Amino acid sequence: MSRICELTGKGRQIGHNVSHANNKTKRVFLPNLQNVTLLSEGLDRSFKFRVSTHGLRSVEHNGGLDNWLLKTADVKLSPRALKVKRELAKKAAVAA
């Protein structure tokens with residue numbers, strides 16, 4: 001399973017371990033991914049995602065999963081998140 005946030009697209013970064021003697025060796029910085037269940041108010045359902053803690057804070061800051069998905073570009077979202085976004089758009093189109 002890849003180490004990529006399903007909502008923000010945040011993935012691993014590559015850098016160096018730097019010793020006191022300034023020797024550099026490659027290392028990998030992994031995002032802090034958590035398995036979370038987020039509630040969609042528009043669909044009255046809950047969805048399980050693998051989200052970074054940074055992404056989780058962003059979702060809460062934007063007022064929930066529905067607002068986050070509608071504001072985020074499709075390119076950044078995982079296929080599962082994109083499917084939820086399309087369901088939201090479809091339900092909003094039927095309601096309007």
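Bear in mind that the values here come from a model prediction, so they are computed numbers and not experimental data.
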Could you check whether any side-chain N or O of [X] sits under 3.5 Å from a backbone N or O of [Y], counting only pairs where one atom can act as donor and the other as acceptor?
X: K91; Y: G42; value: yes
X: E6; Y: R50; value: yes
X: N67; Y: N62; value: yes

For atom [atom1] of [X], decide whether the heavy atoms of other residues, nucleotides or ligands shown that lie under 6.0 angstrom number more than 12.
X: R27; atom1: CZ; value: yes
X: R12; atom1: CZ; value: no
X: K85; atom1: NZ; value: yes

Which distance, rounded to the nearest 0.5 Å, do you find between the [atom1] of [X] and the [atom2] of [Y]?
X: L33; Y: R3; atom1: CG; atom2: CZ; value: 7.0 Å
X: L7; Y: H54; atom1: CG; atom2: NE2; value: 11.0 Å
X: K10; Y: L30; atom1: NZ; atom2: CG; value: 12.0 Å
X: K83; Y: F47; atom1: NZ; atom2: CZ; value: 9.0 Å
X: N35; Y: F49; atom1: CG; atom2: CZ; value: 12.0 Å
X: N17; Y: N23; atom1: CG; atom2: CG; value: 11.0 Å

Should Q34 and V51 be marked as a side chain to side chain contact (heavy atoms under 4.5 Å, CB included) after you check the CA-CA gap, both sets of side-chain angles, and the distance that decides it? CA-CA 5 Å; Q34 305 293 324; V51 183; 5.9 Å; no

Any side-chain donor near an acceptor of the partner, D66 and S40, under 3.5 Å: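 Yes, a side-chain donor-acceptor pair sits under 3.5 Å.
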
Sequence-distant partners of E41, salt bridge (charged side-chain N to carboxylate O under 4.0 Å, His left out), two or more places apart: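 For E41, no residue satisfies salt bridge (charged side-chain N to carboxylate O under 4.0 Å, His left out) once neighbours in sequence are set aside.
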
Residue pair [X] / [Y]: nearest heavy atoms and the distance that separates them:
X: L39; Y: L65; result: O-CB, 3.9 Å
X: V84; Y: L69; result: CG1-CD1, 3.6 Å
X: S52; Y: C5; result: N-SG, 3.3 Å

Quick one: do V36 and I4 end up in the same hydrophobic cluster if we chain Ile, Leu, Val, Met, Phe, Trp and Tyr together by side-chain heavy atoms under 4.5 Å apart?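 Different hydrophobic clusters.
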
